[in-house]
Amino acid sequence: MNDTIELLKSHRSIRAFKDQKIPRELLVELIKAGQGAATSSHVQAYSIIHVQSRESREKLAELAGGQPYVADASTFLVFCADMKRPLEAAERAGAEVISGMTEQLLVATVDTALVAQNVVVAAESVGLGICYIGGLRNNPGAVSELLHLPDHVYPVFGLCIGYPEPERIPEIKPRLPVEAVLKEEVYQEDAAEVAAFDDTMRTYYRARSSANKDTDWSHNLTPLFETKLRAHMREFLVERGFEMK
């Protein structure tokens, strides 16, 4: 293996950061690294909001469900799927644009995730820690209003970046076995692999250094599927111009 592969396998979410600023020059380099990600048809359908105001950060922490590290991390970025820029560029070039297509939503969301993950890998390669904040989608309308997001733009997630507190770096959380996710030729059932993974996760949760609990992977999933999770997102996306035709 090489250093890049080992870095990728060592990822963990960091929620406790030192009171240490990330130099602007480094932040710009991280964003440039993000821009090196693959992008569908070179559309580059994303924008990144660097939120520095303490007041705005505290409001975003509240909107994300009370996650204090949103306010406390050295840097907080909001990654937005942005179809406004490419739609307007095509229109200026003379196209009779068709907006609101489901494929446009998918392209913008995938582009946003790819650029963010490049930023994450670049950040971790220089000793920074990160934590994705999907909780911004709990209140996407309020987040959009706070950040002045126009139509055809929506907040996909936030990203905390900072220097980790050494004493509060968590253990690496186990992943599903490769045999469960790498399927040969056709889709194959994986109940046996999932059962073994539940045993692995139960051991992990019982032994980890903080927030111990007696559960497993399957039981942790139940809240996600017993309720209509973020049912407001469809109506919100339609209101923002992603009509999903």
Side-chain angles (χ1 to χ4, degrees), residues 2-39 44 46-54 56-82 108-140 143 146-147 154-176 204 208-211 220:
N2 59 37
D3 290 345
T4 301
I5 293 175
E6 293 304 321
L7 173 69
L8 290 166
K9 293 194 298 183
S10 69
H11 166 74
R12 70 224 47 204
S13 294
I14 301 297
R15 294 179 174 85
F17 301 94
K18 294 180 181 179
D19 184 15
Q20 180 179 350
K21 295 295 183 184
I22 296 174
R24 175 73 182 185
E25 296 79 9
L26 175 55
L27 176 60
V28 169
E29 288 302 312
L30 298 181
I31 300 303
K32 288 181 178 179
Q35 289 182 278
T39 169
Q44 302 172 84
Y46 51 79
S47 286
I48 305 164
I49 313 295
H50 180 203
V51 184
Q52 300 188 71
S53 160
R54 182 71 188 184
S56 294
R57 295 267 293 268
E58 289 179 349
K59 183 63 176 177
L60 289 170
E62 176 187 340
L63 292 171
Q67 301 188 58
Y69 26 92
V70 171
D72 297 338
S74 174
T75 296
F76 188 69
L77 306 175
V78 179
F79 284 80
C80 303
D82 185 350
T109 303
V110 171
D111 267 16
T112 303
L114 291 175
V115 70
Q117 188 61 16
N118 259 30
V119 170
V120 164
V121 174
E124 292 181 334
S125 76
V126 294
L128 295 167
I130 71 92
C131 185
Y132 280 104
I133 306 295
L136 292 186
R137 298 193 305 278
N138 292 349
N139 294 284
V143 171
L146 180 67
L147 302 180
Y154 88 92
V156 183
F157 43 69
L159 185 69
C160 298
I161 311 178
Y163 295 93
E165 278 284 2
E167 297 81 13
R168 298 180 64 185
I169 296 176
E171 296 88 349
I172 297 172
K173 187 176 287 187
R175 289 330 197 229
L176 283 160
Y204 162 80
R208 68 181 179 180
S209 57
S210 63
N220 260 6

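Counting begins at 1 with the first residue of the sequence.
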pair E124-L8: side-chain heavy atoms closer than 4.5 Å: no
Please confirm whether the backbone N or O of Q20 pairs with a side-chain atom of S74, one donor and one acceptor, at under 3.5 Å? yes
Side-chain (D111) to main-chain (T39) donor-acceptor, under 3.5 angstrom: no
Is the shortest side-chain N to carboxylate O distance from R54 to D72 below 4.0 Å? yes
Interatomic distance, L77 atom CG to L159 atom CG [nearest 0.5 angstrom]: 5.5 Å
If you draw a 6.0 Å radius around CZ in R168, do more than 12 non-hydrogen atoms from other residues or ligands fall strictly inside? no
Any side-chain heavy-atom pair from L128 and T75 closer than 4.5 angstrom? no
Rounded to the nearest 0.5 Å, the CG atom of D82 sits from the CD1 atom of I48 at a distance of 10.5 Å
Strictly distance-based, threshold 3.5 Å: is any side-chain N or O of E171 a donor or acceptor partner for the main-chain N or O of S209? yes
Which word best sums up how the rings of F79 and F157 line up, parallel for under 30°, tilted for 30 to 60°, or perpendicular for over 60°? tilted
Counting C-beta onward and ignoring hydrogens, is there a side-chain heavy-atom pair between N2 and I5 closer than 4.5 Å? yes
What do the steps show when you test I172 against S10 for side chain to side chain contact (heavy atoms under 4.5 Å, CB included), and what is the final call? CA-CA 7 Å; I172 297 172; S10 69; 4.1 Å; yes
Considering the options C131, C160, S53, S56, which one meets the side-chain contact (heavy atoms from CB on, under 4.5 Å) requirement together with F76? C160
Can any side-chain N or O of R57 pair as donor or acceptor with the backbone N or O of A73 at less than 3.5 Å? yes
Run I161 and V119 through side chain to side chain contact (heavy atoms under 4.5 Å, CB included) and show every step you take. CA-CA 10 Å; I161 311 178; V119 170; 4.2 Å; yes
If we ignore hydrogens and angles and just use 3.5 Å, is the side chain of N139 paired with the main-chain N or O of L63 as donor and acceptor? yes
Within a strict 4.5 Å, meaning less than it, do heavy atoms of the T109 and Y154 side chains meet? yes
Donor-acceptor check, side chain of R137 to backbone of P155, threshold 3.5 angstrom: yes or no? no
Candidate pair L60 and I133, rule side chain to side chain contact (heavy atoms under 4.5 Å, CB included), full reasoning: CA-CA 10 Å; L60 289 170; I133 306 295; over 6 Å; no
